[in-house]
Chemist: 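This is the structure, below, for whatever I ask next.
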Amino acid sequence: MTNVSVAAEWQLLYDRYYRKPEIYQMRWKHVDLSRNKVACASFGGPIAVIRDDSKIVQLYAESALRKLRIFNSAGLLLSETIWKHPGGRLIGMSWSDDQTLICVVQDGTIYRYNIHAELIEPNMSMGKECFEQNVVECVFWGNGVVCLTEGGQLFCISDFDTMKPIKLPDVPGLTEDDMLQPTCLAVREPKYTMSGTVEVLVAVGDEIFGVEEDSVQTFRVDEPSVNESDVQDTDYGNLIGPVQKMIVSPNGKFLTLFTHDGRIVVVEMETKQIAIDYSCESALPPQQMAWCGMDTVLLYWDEDLTMVGPLGDPVHYFYDEPVILIPECDGVRILSNTSLEFLQRVPDSTESIFRIGSTSPAALLYDALDHFDRRSAKADENLRLIRSSLSEAVESCIDAAGHEFDVTRQRALLRAASYGQAFCSNFQRERVQETCRTLRVLNAVRDPDIGIPLSIRQYKLLTPVVLISRLINSNHHLLALRISEYLDMNKEVVIMHWACAKITASPSTPDAHLLEVLLEKLQLCRGISYAAVATHADNCGRRKLAAMLVEHEPRSTKQVPLLLSIGEEDTALVKATESGDTDLIYLVIFHIWQKRPPLEFFAMIQGRVLARDLFVAYARCHKHEFLKDFFLSTGQIHEVAFLLWKESWDMGKNPMASKGSPLYGPRIKLIEKARNLFSQTKEHTFESKAAEEHAKLLKIQHELEVSTKQAIFVDSSINDTIRTCIVLGNNRAAIKVKTEFKVSDKRWYFLKAFALATIKDWAALEKFSKEKRPPMGFRPFVEACIDADEKAEALKYIPKLSDLVERGEAYARIGMAKEAADAAAQANDGGELLERFRKTFSQNAIFDTLKIPFQGTS
């Protein structure tokens, strides 16, 4: 009897059964769908209702102001707002994939609302041309819209996320002939076209045009015929005649046309072959057309809903009230003033169990459970009959339970599956548990207070993640949390959204009490971002609450930027310093630097060593003046002096600093300022003296460059300056530098000897050696000659060396082994020098001539 009562509700279309169970009795009151524009979201989403301003309707104890009301699928009011937008009539509205309500008005302006009837700024426009011509019709798809203007032009937004309007190519003849108007539009989504862009099908006269972003093509249909030779060259697209209404199938493969003579024609989009050609009883176009899954087409006239399939007679459903057809992936939801129904093809598993007279294994298993409950031996007999197909029967019962909306029937089918599973050893037992889990979730969201009547197929396509997102957007946080826990999913998104919603909804709750409530829930999820919740609190004007929340954020990378945004610079600097992250510290430093006065900024970083050192390191490279202010404010005068001194050196690297340029004076002034600052501290006497001598040397070098007209003196050392003067023959200048900087005679002899050797003025060198006895002997002259690779000149001075060791080494350096050996033999160094020479000349042929003398001395 159970099977009979279930199957009695089905309708047979050729060889397929269809059912139309009632999902909800609508909870709304005084809602007449015929007086309103209605937009219903797919996947059991919300319903938007607004009074249709294109109709003259009688007002029943209601305001003349139109209200946009949003209900769930059970008719429970979620939100409402007064519609007071300019721009003319509301042409169309629809829900996007992310459940944003898109409203298009006559002048092409697009208004967007969330599920709480809150306007989403900014408003968008379809463009100036669309504004001037007015929109007369619009067609929506998942995440886009196409608008038709009075001038016959098409405008498209292919993605509501980017909201970029595009003008499509003109339909041939449509813009030239004002009398020619499109009879209907349909859209093929971008994911189903070869080009990857939206294709708009426009019916104009006897033609159908396919309009894409860069092309317009005529859509032609091949006529099916018994005798194909009769119509080989006939264009069946013209024979169809004017099309009054058309829709594209959910998978984009078929196009359904309602022609002027009352025929329903279903055409395959790629091959242009006709799949269905059925003549309806009425030539008047239906008010609505929709695909029921991928099996049949629904047509709705007043009080008559007709379902047409590929074969067999159509099925008629009669209504005494207006209905709205809401296509889904596996059927059609039928919304009326009083109820919501779901029309779908009966699943194969359900049909095999409940079809009248069915003897399938699944039907026998279901019947066996009934006998078992009545303690009948017939149960065992049924099990014996299907033992070889028991796994198949269990699977069918599980699948049928998943497709049921009735909880009692779900339970009965799952009990049958469990009963059969007990006698089936090779069946995966997790399958029943998985289906039970899914049905618990589905039954929870199907509750009228939630109002999301998902089928199991819709649930799998939507995914649990998206379902939870929709629940929290509808403020069903408790259910979303329980589902997340039940399915072992991350709870962080749910708890964070709840916390933000709680802050928004509690403007008068004291910060301390609200913080306590928030922390109680936020602590349920380890690793949750307190910073994100604190940011929302700050955006709501609860800055104190935001500061209290951010204290609980464990991640400095999220905590510090938020502290800066809410004006807690001191705390941000402390947290950044404690983290040791130099990037964070620099972020805080630069923020405070821009926001605070210099003295206040200096005081903040002075007490924090790491922050201060990082600031100083940066400022040394980029902000000298600001760094000088910092050092002066903290009493570090010597650091300012060092900066001034460095600036003088940096100025010297400038090419303009030579040849008596104007930069010479500023360099001297900087060094003198540095000297004055050094002199104010007892610890930097040396630096003060060095700066003084540097300034003096720089002046002399500048004068030398001016007099010699050669830029070779500035920034060279005292030694190099003296040597250069001697090389240039300016002995007077060299003596002046020697006197000014108190150069010792020993260094003077070395410098002059090497300078004269450099210019190979050997006569002057010899004369210089005879002026007076050199303070270091003749070693400077020997070294200078050897470095200049002049052995003959060196031999003039080597014999004059009084130190025998130095004399022997000098002979060795110019390759005179015998003389080197003689000097080494006479040296009183215990034979050390002689032994060193023996090693030095061991690879030299001269060593053979030195054997006897060396042996004689050893």
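Please read these numbers as outputs of a predicted model, since none were measured by experiment. We number each residue from 1, following the sequence as shown.
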Chemist: Side chain to side chain donor-acceptor pair (under 3.5 Å), that's the test. Do Ser215 and Glu212 meet it? Break it down for me.
Modeler: CA-CA 5 Å; Ser215 65; Glu212 297 189 34; 4.8 Å; no
Chemist: Taking the side chain from Gln288 and the backbone from Leu325, do they hold a donor-acceptor pair closer than 3.5 Å?
Modeler: yes
Chemist: Can you tell me if Thr183 uses its side chain to pair, donor with acceptor, with the backbone of Ala203 under 3.5 Å?
Modeler: yes
Chemist: Strictly distance-based, threshold 3.5 Å: is any side-chain N or O of His116 a donor or acceptor partner for the main-chain N or O of Asn473?
Modeler: yes
Chemist: To the nearest 0.5 angstrom, please state how far the CD1 atom of Ile91 sits from the SG atom of Cys103.
Modeler: 12.0 Å
Chemist: Quick one: does any side-chain atom of Ser73 pair with a main-chain N or O of Gly44 as donor and acceptor, under 3.5 Å?
Modeler: yes
Chemist: Applying side chain to side chain donor-acceptor pair (under 3.5 Å), run through Ser96 and Arg112 and close with a yes or a no.
Modeler: CA-CA 10 Å; Ser96 67; Arg112 295 174 294 165; over 6 Å; no
Chemist: To the nearest 0.5 Å, tell me how far Asp97 CG sits from Asn143 CG.
Modeler: 4.5 Å
Chemist: Return the minimal non-hydrogen interatomic distance between Lys575 and Glu551, and the atom names on each side.
Modeler: NZ-OE1, 3.7 Å
Chemist: Can you confirm whether more than 12 heavy atoms, excluding those of Lys67, are under 6.0 Å from its NZ atom?
Modeler: no
Chemist: Work out which heavy atom in Ser79 is nearest to a heavy atom in Ile115; give both atom names and the distance.
Modeler: OG-O, 2.9 Å
Chemist: Kindly give the heavy-atom pair with the smallest separation between Gly108 and Cys130, and that separation in Å.
Modeler: CA-SG, 4.2 Å
Chemist: Val31 versus Met26: any side-chain heavy-atom pair under 4.5 Å?
Modeler: no
Chemist: Between the side chain of Lys55 and the main-chain N/O of Ser34, is any donor-acceptor distance below 3.5 Å?
Modeler: yes
Chemist: Report yes if the side chains of Phe160 and Ile102 come closer than 4.5 Å at any heavy-atom pair, otherwise no.
Modeler: yes
Chemist: With sequence neighbours left out, what residues match Pro182 under side chain to side chain contact (heavy atoms under 4.5 Å, CB included)?
Modeler: Leu148, Leu174, Val202, Val204
Chemist: Heavy atoms, side chains only, cut-off 4.5 Å: are Arg470 and Val445 in contact?
Modeler: no
Chemist: Counting only heavy atoms not in Glu516 (residues, nucleotides, ligands), do more than 12 fall under 6.0 Å from its CD?
Modeler: no
Chemist: Quick one: pull up OH in Tyr530 and CE in Met496 and give me the separation to the nearest 0.5 Å.
Modeler: 11.0 Å
Chemist: Would you give the length of the straight line joining atom CG of Leu255 to atom CZ of Arg188, rounded to the nearest 0.5 angstrom?
Modeler: 9.5 Å
Chemist: Rounded to the nearest 0.5 Å, how far apart are CD1 of Ile503 and CG of Leu518?
Modeler: 5.0 Å
Chemist: More than 12 heavy atoms of other residues, nucleotides or ligands under 6.0 Å from CZ of Phe131: is that the case?
Modeler: no
Chemist: Strictly distance-based, threshold 3.5 Å: is any side-chain N or O of Asn114 a donor or acceptor partner for the main-chain N or O of Ala117?
Modeler: yes
Chemist: Hey, does Val200 have a side-chain heavy atom less than 4.5 Å from the side chain of Cys156?
Modeler: no
Chemist: Considering all heavy atoms of both residues, which atom of Leu515 and which atom of Met548 are nearest to each other, and what is their separation?
Modeler: CD2-CE, 3.3 Å
Chemist: One thing to verify: whether Asp449 and Arg27 come together as a salt bridge, which I'm taking to mean a side-chain N less than 4.0 angstrom from a carboxylate O.
Modeler: yes
Chemist: Using modelled atom types only, decide if a donor and an acceptor are shared between the side chain of Arg333 and the backbone of Ile326 within a distance under 3.5 Å.
Modeler: no
Chemist: Going by the angle between their ring planes, with limits at 30° and 60°, are Phe71 and Trp28 parallel, tilted or perpendicular?
Modeler: perpendicular
Chemist: Check whether Glu150 reaches the backbone of Asn134 with its side chain - one donor and one acceptor, N or O, closer than 3.5 Å.
Modeler: no
Chemist: Would you please classify the geometry between the Trp83 ring and the Tyr111 ring as parallel, tilted or perpendicular, with 30° and 60° separating the classes?
Modeler: perpendicular
Chemist: At their closest point, which heavy atom of Trp141 faces which heavy atom of Ile157, and how far apart are they?
Modeler: CH2-O, 3.6 Å
Chemist: I need the minimum non-hydrogen distance between Leu201 and Gly210, along with the two atoms involved.
Modeler: CD2-CA, 4.0 Å
Chemist: Tell me whether Thr109 contacts the main-chain N or O of Val105 through its side chain, where contact means a donor paired with an acceptor under 3.5 Å.
Modeler: no
Chemist: To the nearest 0.5 Å, what is the distance between SG (Cys329) and CG (Leu461)?
Modeler: 4.5 Å
